[in-house]
Structures are given as C-alpha cells and as structure tokens.
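Order of appearance sets the numbers: ligands from 1, and atoms from 1 within every ligand. Predicted model, so just to flag it, every value in this text is computed and none were measured. Positions are given from 1 along the sequence.
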Amino acid sequence: MATADALLKPDHASRRQHFIFTEEHDQLRESIHSFVVKELAPHAEEWEETTFPDWVFRRMGELGFLGLSYPEEYGGQGGDYYCNLVLAEEMTHANCGGLAMGVAVHTDMATPPIFLFGSEQQKQDYLVPSINGEKISCLGISEPDAGSDVAGIKTRAVRDGDDWVINGSKTFITNGHRADYIVLVTKTEPDLGYDGFSLFVVDMDLPGVVREKKLEKLGMHASDTALLAFQDVRVPADALLGQEGKGFYHIMWELQGERLIGAAGCVAGAQKLFDRTLRYASERNAFGRPIGKFQAIRHKFADMATKIEAGRQMVYTTAWRVQNGEYPVREVSMAKLYTARMACEVADECLQIHGGAGYMKEYGIERAWRDLRLNRIGAGTDEVMLDVIGRSYGL
Ligand SMILES: Cc1cc2nc3c(=O)[nH]c(=O)nc-3n(C[C@H](O)[C@H](O)[C@H](O)COP(=O)(O)OP(=O)(O)OC[C@H]3O[C@@H](n4cnc5c(N)ncnc54)[C@H](O)[C@@H]3O)c2cc1C
C-alpha cells in the first residue's frame, strides 16, 4: 500500500509487477531474455531470408525452454502456465516474428494435445523428444477449402484392418517443412457431425506424406509455411490421438491455448514497439523540439499505452482462470480479438510516428507491422472470435 506521503506524487517508475508472477518467473524471464538477446536476435535479419535453423529447437530443448509447464517425468520443468506466457513474451525480443511463431506452434499448439490426450507411449515417442528439442512438431487443421470452418475439413482417415489410411491436404502449416511429425485433424465418420472427427500423430517421413510447396507470405518470413498432401498414408491404430470421434472437441480445446499464447505475444510485441518508438520520439526533432513533445504525438502514446495495458490485463486475468482450472472460451476469444487488433493499431501508429524511417527496412518497424498483421487471421480470424463471443451469450 502507498503511504500518505507517496500519494502526493504518482510513482510512474514502479516495477508494476503483476500478481500472477513470482520471483521464480522473474528469474526465468531473465534467463530466457538473455538467451534470446544473445543467441537469437543477432540472426534476425539473416533468418528473414533463410527461415530460422532447426538448431534453435535443439538449443532451446537443452536449456529447458520447450517444456516449461510439462512435468519433470517427461523432461519438462514442472512450472505453471504463467511460465509459457513468460516464454511467449520474451521471444518477442528476438525481433523475429516468424521465429516466435515457429517455437510457439511447437510448445503451445502441437504438443499440448499430446500431453493432455496422448497415450503413455505417444508421450514417450513424441512429447519427450519434443521437449528436449530432438523432434519438431507442426499442427494441421487448415485446408485449402476450410480454414475458419474447421468442421468443413475434408481430410479423411478410414480404418483398414488394424491401420488407418489417411487422404487429404493441409495448408498454411507452420513448421510444415521441417517438422518430424504432425498433429493432424481428420474426419473419421463424416455423417456424425462434430462427433465424426479424430486426431492422429503422423510421422512426416511416412510414404504418402508430401511436402508440396513452401508458401511465400507477407510477413513472418523466418517461419516456414507448408502446403501438405496426404496420399494413402497408412498409420497404425496407435497413431490415433485421444478419443476416436472426439477430435473436434480436442482441437477446440487446443485452440484456446493457441489463442491465449498468441494474445500474450501481441501484448509483448506491441509493448516492444511502443518502447522503441518512445525512444525515437524523444530523439527525433522537428520544428525545434523532440516530436514526442507535440500534443498530437503525446496523445498517440497515451492511447497506445492504455490499449496495451488493457490487453495485458485481459491476457493475465484469463491466464489466471486457465491456471485455476477454468475453460474460459469467451474470455480467451475476447483477449485474442482485442490484442490482435490492438497490436496492429499500435504497429501502425508506431510506423506513423517514425515517419519515412518507419517505412524503411533498417528500423524493423515495417517488419513488425507485417508480422503482427497475421494475428488478426491466424488461430481464428477477428470475425470468428466475434462469432464465438456473440454465440456465448446464446445468440
Ligand atoms: C502465416 C500463417 C500460418 C498459419 N499456420 C497454421 C498452422 O500451423 N496450422 C493450421 O492448421 N493453420 C494455420 N494457419 C491457418 C489459419 O489458422 C487460417 O488462415 C485462419 O483460420 C483463417 O482461415 P482461412 O485462411 O481459410 O480463411 P477463411 O475461413 O476462408 O475466411 C476468409 C474470410 O471470411 C471470414 N469468415 C469466415 N467465416 C466467417 C463467419 N462465420 N462469419 C464472418 N466472417 C467469416 C473470415 O473472417 C475471413 O475474413 C496459418 C495461416 C497463416 C496465414
């Protein structure tokens, strides 16, 4: 509590530590930050051209960063959900959106369903080597004819004796070119509606798995994005992940983690742009004064800071709900929607405040502007989030 004396002067310089984080989280943050700044950030430019190399996974596995909240028995660090937020936030300091996304797909999208729904054997075969960085994962939901409409996917898995035979295609798959395995969403009983989906863990070197095309994109250049085909891919019965027929519900659960971690990345990304632009506005002069001293610019900062803070509170409060056992789909959707929009607005304002420099490659603002734009599309578009929120009120 502030004392009466302190009330006389606002404490703008306080640490403002959020109540969900402890000293252990701070230590973790420091060690991830130092790794990211020393070992990843120096390569950001190069990886925009080449995509980031696979050694990043091995190195992060070695350091224990790929299994922060997984139990120690699987090689994880046994931490809480907030550790995943710390990782997502600190990865933004690599200045390389594609890298942060490639890692997040592995830690917070493809491996969680294996941990929650997988058999003990699947955990040993896929989760353990993913945590130590030996195996790289990807997640296959989207298809050329079905993205937002997950229920409209066409990839089929048909039982054949003890095996399953899979046919179909997946697109926009992050890590799809480098991955050792894919967590794949299929239809097993098309006539059963939402009860006709099943997940599989499929090795990417099986006959019939074709990495068709490396897709070119607006931003996130450091990540690889694949169009994949599955042509009579035969997998054994134990490749089924979770309950047969319950894949739709399993993947909807997965999407909540994917959305919340994306929201954390949006807040951290926006904050980083804000900080850099604040420095720029103090150094850049026009009409005889730093541009930050113009009211028009000062108000832009005030507006951005308020929105970033609102986004942060949404993410942290929703994370607290998750950590405490809730399944807060409405709040996750709100956090995802709000922070994705907010990060794009902040990136645009920061670019504007940089003037012509913001449009130039060397300042890195244009790249962040391009990278962040994905957040209004990936993991569920703005429109889909609005629909989920609206429907949650029975409409
Ligand atoms: C760089 C990148 C990486 C990705 N990585 C992965 C990945 O690793 N794995 C994976 O499975 N997918 C991945 N995706 C796919 C991503 O999740 C989809 O692009 C997203 O869900 C939108 O689907 P869509 O592109 O098919 O758009 P569509 O579903 O075709 O939507 C087109 C437009 O219609 C709107 N729309 C659709 N339905 C409605 C509705 N009911 N009401 C109102 N508007 C609607 C959408 O909001 C959008 O504006 C990635 C995408 C990108 C761009």
| field | Side chains of K217 and T225, donor plus acceptor under 3.5 Å | value | yes
| query | Judged by modelled atom types alone, do Y81 and D108 share a side-chain donor-acceptor pair under 3.5 Å? | reply | no
| task | Pick whichever of G147, A110, A379 has a heavy atom sitting closest to atom 17 (O) of ligand 1. | result | A379
| Knowing that exactly one of F57, Y181, Y126 qualifies, which makes a ring pair (Phe, Tyr, Trp, His ring centres under 6.0 Å) with H106? | F57
For [atom], what's the nearest protein heavy-atom neighbour? Residue, atom name and distance, please.
| atom | value |
| --- | --- |
| atom 41 (N) of ligand 1 | D387 OD2, 4.5 Å |
| atom 19 (O) of ligand 1 | F172 CD1, 3.7 Å |
| atom 15 (C) of ligand 1 | S142 OG, 3.1 Å |
| atom 49 (O) of ligand 1 | E383 OE1, 3.6 Å |
| atom 20 (C) of ligand 1 | I377 O, 3.5 Å |
| atom 52 (C) of ligand 1 | L374 CD1, 3.5 Å |

What atoms of ligand 1 come within less than 4.0 Å of a heavy atom belonging to [X]?
| X | answer |
| --- | --- |
| T381 | 22 (C), 46 (C), 47 (O) |
| I173 | 7 (C), 8 (O), 9 (N), 10 (C), 11 (O) |
| L139 | 7 (C), 8 (O), 9 (N), 10 (C), 11 (O) |

| Would a 4.5 Å heavy-atom cut-off, applied to side chains only, mark D238 and Q122 as touching? | no
| said: Any heavy-atom pair between the side chains of F65 and R59 that's under 4.5 Å? | reply: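 SC-SC contact between R59 and F65 ruled out.
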Tell me whether [atom] lies less than 4.0 Å from at least one protein heavy-atom position.
| atom | value |
| --- | --- |
| atom 31 (O) of ligand 1 | yes |
| atom 39 (C) of ligand 1 | no |
| atom 35 (C) of ligand 1 | no |
| atom 2 (C) of ligand 1 | yes |

| task | Report, as yes or no, whether the 6.0 Å neighbourhood of atom CZ on F294 holds more than 12 heavy atoms from other residues, nucleotides or ligands. | result | yes
| task | Looking only at non-hydrogen atoms, find the nearest pair between V86 and R29 and report the distance. | result |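 Smallest heavy-atom distance, with atoms named: CG1-CA, 3.6 Å.
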| task | Take V388 and L337 through the test side-chain contact (heavy atoms from CB on, under 4.5 Å) and record every step on the way to the result. | result | CA-CA 10 Å; V388 173; L337 172 72; over 6 Å; no
N/O separation below 3.5 Å, [X] to ligand 1:
| X | result |
| --- | --- |
| M101 | no |
| T171 | no |
| E143 | no |
| K217 | no |
| S148 | yes |
| G140 | no |

| Any salt bridge (Lys or Arg N to Asp or Glu O under 4.0 Å) pairs touching residues 324-352, not counting sequence neighbours? | K300-E349, K307-E345, R321-E326, R341-D382
| task | Could I get the full list of salt bridge (Lys or Arg N to Asp or Glu O under 4.0 Å) partners for R312, not counting sequence neighbours? | result | E309
| field | Residue portion contacting ligand 1 (non-hydrogen atoms closer than 4.0 Å) for D382 | value | neither
| said: Please classify the T174 to ligand 1 contact at 4.0 Å (heavy-atom distances, strictly less than): side chain, backbone, both or neither. | reply: both
| query | Rounded to the nearest 0.5 Å, how far does CD of E189 lie from CZ of R156? | reply | 7.5 Å
| How are the rings of W47 and F52 set relative to one another: parallel (under 30°), tilted (30 to 60°) or perpendicular (over 60°)? | tilted
| query | Are R370 and E366 within salt-bridge range, i.e. N to O under 4.0 Å? | reply | yes
